[in-house]
Amino acid sequence: MKIDIRYPFRFSALPPRCSGRKDLFVSFLHTADVPEISAREVSTLFEAATETPYRLVEYDGRLFRKLGRFPDENTSRLLDRAFQREEERNSPWPFTFESGGASPRPVSQPLRNHLSHRFYLEGDNRAKELEAWPFIPVITGMRGRRVSRNEFRFEDLVGKLVDIDGVEFAKGRAEHAAEAAKLLVVEGDLWIETPPPAISVSLQGHASTARMVMELTHLPNWLDADLDRQYFPLSDHAGALEYAERATKLTHTGTEPFEDYTHERPFRTEASHLLSFDGDGYSCTRTTLVLGGDVARWITYTDGLAEKVGDDRARSAMLARDTAKAIGTDISQWPDMSDLVHDVTEAWKMTGRKPGWANIPANRHAFGSMICERAADVGKISVFATLTGENRP
């Protein structure tokens with residue numbers, strides 16, 4: 001079945017009335033030939049007793065979640081947004097608890113987060129993405145209209161461009177094809193390949209209401225910047241509980257008890273490696289790449305900082321940054337970062353825990369220390385592919 005999807009697209013070219021080349025960040029219409037199969041060809045691995053039934057199925061050795069009936073309006077809406085609001089783009093895919101009222105994310109979300117993070121790692125602040133062409137002005141107050149990058153469509157702009165970077169263009173289109181290859185049609189329903197389900201423990205509320213909340217979600221296949229939010233396999237409820245109790249004491253006040261919604265609705269699972277993941281390895285890799293990128297940015301733009309943290313730690317941070325720029329949305333290909341985690345977390349603390357891509361909650365010093373300790377306190381990580389030094393970017 002031919003299906004149109006809008007993905008974010010980044011490349012460089014020379015736009016009109018510009019004195020030099022610019023980074024372009026636009027919406028691209030990708031047409032995918034999505035396989036169609038019968039319901040007999042999939043097997044259910046996970047099923048939750050939600051008001052809107054929630055299933056995860058296996059096909060061809062891969063795990064899938066349902067997006068909806070195609071081409072119904074609600075399902076089509078998940079395909080036609082290359083960019084979503086800032087406040088929701090980093091939130092992981094929710095389960096349909098709460099009477100089926102959870103808001104699903106566009107299929108472009110993982111790639112959008114990776115592209116935005118790459119922009120950030122190349123600049124001294126988040127302005128590199130904001131200043132990409134076409135330029136989006138920062139509008140304050142009640143006057144004016146906010147512009148979304150969804151309105152900047154490649155097909156409307158390509159005729160105005162010259163000297164398009166062919167290598168970048170081909171790389172971006174290959175990422176679109178890889179994302180579209182995750183789609184599957186099962187008797188008129190559209191499904192997408194998904195990371196495994198997980199117990200998410202994250203900070204919710206503010207000040208006197210701040211507390212940790214445990215709920216079911218899906219493991220993000222991008223570098224979730226909210227480092228208070230940690231992920232645990234469904235089988236490790238005890239580990240999630242321990243983290244929730246410990247983290248609650250470090251919130252702004254720590255007066256509210258944590259809340260556990262993981263048993264709000266019963267669910268059943270089949271024995272399958274597709275439903276499991278290495279929680280320690282995922283946390284180590286994610287934290288090292290996020291904090292390493294932040295440290296590398298500050299070292300690059302701050303005189304004398306590399307000498308302060310030391311050559312070995314600085315090199316580790318730079319390598320973590322380059323690795324973060326290179327990874328994609330296939331979690332199985334994320335590298336083992338256990339050889340860099342100690343250098344990176346120590347460098348982050350030595351730079352003064354400066355703000356960056358990572359979001360650290362209030363009581364920043366204590367919470368940041370706990371995050372670093374959890375990331376560094378891991379043994380051998382086996383789930384993630386290991387890149388040797390010469391094979392890393």
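A cation-pi arrangement, defined by a distance under 6.0 Å to the six-membered ring centre and an angle within 45 degrees of its axis, is present between R65 and W93. Cation-pi geometry between R153 and F28 is not met at under 6.0 angstrom from the ring centre and within 45 degrees of the axis. Cation-pi geometry between R55 and F46 is not met: the NZ or CZ atom fails to fall both under 6.0 Å from the ring centre and inside 45° of the normal.
Heavy-atom minimum distance, G368 versus R353: C-NH1, 3.9 Å. Residue W222 comes nearest to P92 through the heavy atom pair CH2-CA, 4.0 Å, listed as atom of the first residue, atom of the second, then distance. Summarising the geometry of R81 relative to P106, their closest heavy-atom pair is NH2-CG, 3.4 Å, with the distance given to 0.1 Å. Summarising the geometry of A225 relative to N90, their closest heavy-atom pair is N-ND2, 3.3 Å, with the distance given to 0.1 Å. The minimum heavy-atom distance linking F277 with P197 is given by the pair CE2-O, 3.8 Å.
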Original post:
Given T329 and K182, is the side-chain hydrogen bond (donor to acceptor under 3.5 Å, both in side chains) satisfied, shown in steps?
Top reply: CA-CA 11 Å; T329 64; K182 298 176 182 179; 2.7 Å; yes
Original post:
Can T209 and Q204 be said to form a side-chain contact (heavy atoms from CB on, under 4.5 Å), step by step?
Top reply: CA-CA 8 Å; T209 65; Q204 297 187 21; over 6 Å; no
Subject >> E373/R246 under salt bridge (Lys or Arg N to Asp or Glu O under 4.0 Å): CA gap, chis, key distance, verdict >> reply: CA-CA 13 Å; E373 291 167 8; R246 181 181 179 188; 2.9 Å; yes
Subject >> From CA spacing to verdict: side-chain hydrogen bond (donor to acceptor under 3.5 Å, both in side chains), E270, T44 >> reply: CA-CA 8 Å; E270 299 292 334; T44 300; over 6 Å; no
**OP:** For the pair T323 and M337, evaluate side-chain contact (heavy atoms from CB on, under 4.5 Å) and give the outcome as yes or no after the intermediate values.
**Re:** CA-CA 10 Å; T323 304; M337 301 300 293; 4.3 Å; yes
**OP:** Let me see the working for Q333 and I327 under side-chain contact (heavy atoms from CB on, under 4.5 Å), right down to the final yes or no.
**Re:** CA-CA 8 Å; Q333 295 301 310; I327 63 170; over 6 Å; no
Subject >> Trace of the side-chain contact (heavy atoms from CB on, under 4.5 Å) decision for D228 with F367 >> reply: CA-CA 8 Å; D228 61 278; F367 219 110; 3.9 Å; yes
**OP:** Let me see the working for D224 and R229 under salt bridge (Lys or Arg N to Asp or Glu O under 4.0 Å), right down to the final yes or no.
**Re:** CA-CA 8 Å; D224 183 353; R229 186 186 291 125; 2.8 Å; yes
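Formation of a donor-acceptor pair under 3.5 Å by the N221 side chain with backbone atoms of D330 is not found in this model. Under the 3.5 Å distance criterion, the side-chain polar atoms of Y120 are matched with a main-chain donor or acceptor of W357. The main-chain N or O of Y282 is never found under 3.5 Å from a side-chain atom of T285 such that the two would form a donor-acceptor pair. With R118 contributing its side chain and K325 its backbone, the two residues share a donor-acceptor pair below 3.5 Å. At distances below 3.5 Å, at least one donor-acceptor pair connects side-chain atoms of T345 with backbone N or O atoms of H342. Y7 places no side-chain N or O within donor-acceptor distance of the main-chain N or O of A177, the cut-off being under 3.5 Å. Listed for the R89 side chain is no donor-acceptor partner under 3.5 Å among the backbone atoms of Q109. Side-chain N or O atoms of H117 include none that pairs as donor or acceptor with a backbone N or O of R112 at under 3.5 Å. At distances below 3.5 Å, at least one donor-acceptor pair connects side-chain atoms of Q230 with backbone N or O atoms of L227. Counting only distance, with no hydrogens or angles, the side chain of D343 and the backbone of S316 share no donor-acceptor pair below 3.5 Å.
L184 and I5 sit in two unconnected hydrophobic clusters of ILVMFWY residues. Membership requires side-chain heavy atoms under 4.5 Å apart, directly or through other members. Both L274 and I192 sit in one connected hydrophobic cluster of ILVMFWY residues. Membership requires side-chain heavy atoms under 4.5 Å apart, directly or through other members. Connection of L45 to F267 is established within a shared hydrophobic cluster, with ILVMFWY side chains joined at heavy-atom distances below 4.5 Å, either directly or through further cluster members. Cluster membership for F64 and L219, using ILVMFWY side-chain heavy atoms within less than 4.5 angstrom, is not shared. Follow the hydrophobic side-chain contacts under 4.5 Å out from L29 and you never reach L183; the two are in separate clusters.
Each of F152, F83, W133 was compared with F25 under the ring-ring contact (aromatic ring centres under 6.0 Å, His included) criterion, and only F83 meets it.
A salt bridge is absent between R10 and E168: the closest approach of a Lys/Arg side-chain nitrogen to an acidic carboxylate oxygen does not fall below 4.0 angstrom. Using a 4.0 Å cut-off between charged side-chain N and carboxylate O, D312 and R315 make a salt bridge. The existence of a salt bridge linking R6 and D80 is excluded, since no basic side-chain nitrogen approaches an acidic carboxylate oxygen closer than 4.0 Å. We find that R69 and D72 are not joined by a salt bridge, their nearest charged nitrogen and carboxylate oxygen being 4.0 Å or further apart. Salt bridge annotation for E307-R313: absent, with no cationic side-chain nitrogen under 4.0 angstrom from a carboxylate oxygen. Ion pairing between E73 and R77 holds under the 4.0 Å rule for side-chain N and carboxylate O.
Between V107 and L79 the shortest side-chain heavy-atom distance falls below 4.5 Å. Side-chain contact between L275 and L234 is absent, with no heavy-atom pair separated by less than 4.5 Å. Side-chain contact check for T251 versus L203: some heavy-atom pair is nearer than 4.5 Å. Between D23 and K128 the shortest side-chain heavy-atom distance falls below 4.5 Å. At least one side-chain heavy atom of H218 sits under 4.5 Å from a side-chain heavy atom of L56. Between E215 and D260, the closest side-chain pair of non-hydrogen atoms is not below 4.5 Å. Side-chain contact between P104 and N74 is absent, with no heavy-atom pair separated by less than 4.5 Å. At a threshold of 4.5 Å between non-hydrogen side-chain atoms, the residues K2 and D33 count as touching.
Heavy atoms from other residues, nucleotides or ligands lying under 6.0 Å from CG of D163 number more than 12.
Note: W334 and H114 have perpendicular aromatic rings, judged against thresholds of 30 and 60 degrees for the angle between ring planes. The aromatic rings of F9 and F11 are tilted relative to each other, their planes meeting at an angle between 30° and 60°. The aromatic rings of F169 and F154 lie tilted to each other, with the angle between the two planes from 30° to 60°. Using a 30° and 60° split on the angle between ring planes, F232 and Y243 fall in the tilted class, from 30° to 60°.
From H206, atom NE2 reaches atom OG1 of T253 across 10.0 Å, with rounding to the nearest 0.5 Å. Separating the CG atom in D226 from the OG atom in S202 is a distance of 8.0 Å, to the nearest 0.5 Å. The CG atom of D4 lies 9.5 Å from the NE2 atom of H30; values are rounded to the nearest 0.5 Å. Separation of atoms SG (C372) and CD1 (I360) is listed at 7.5 Å; rounding is to 0.5 Å. In this structure, CG on L14 lies 12.5 Å from CG on D165, to the nearest 0.5 angstrom. Taking CD1 from I136 and OG from S148, the interatomic distance works out to 6.5 Å, rounded to the nearest 0.5 Å.
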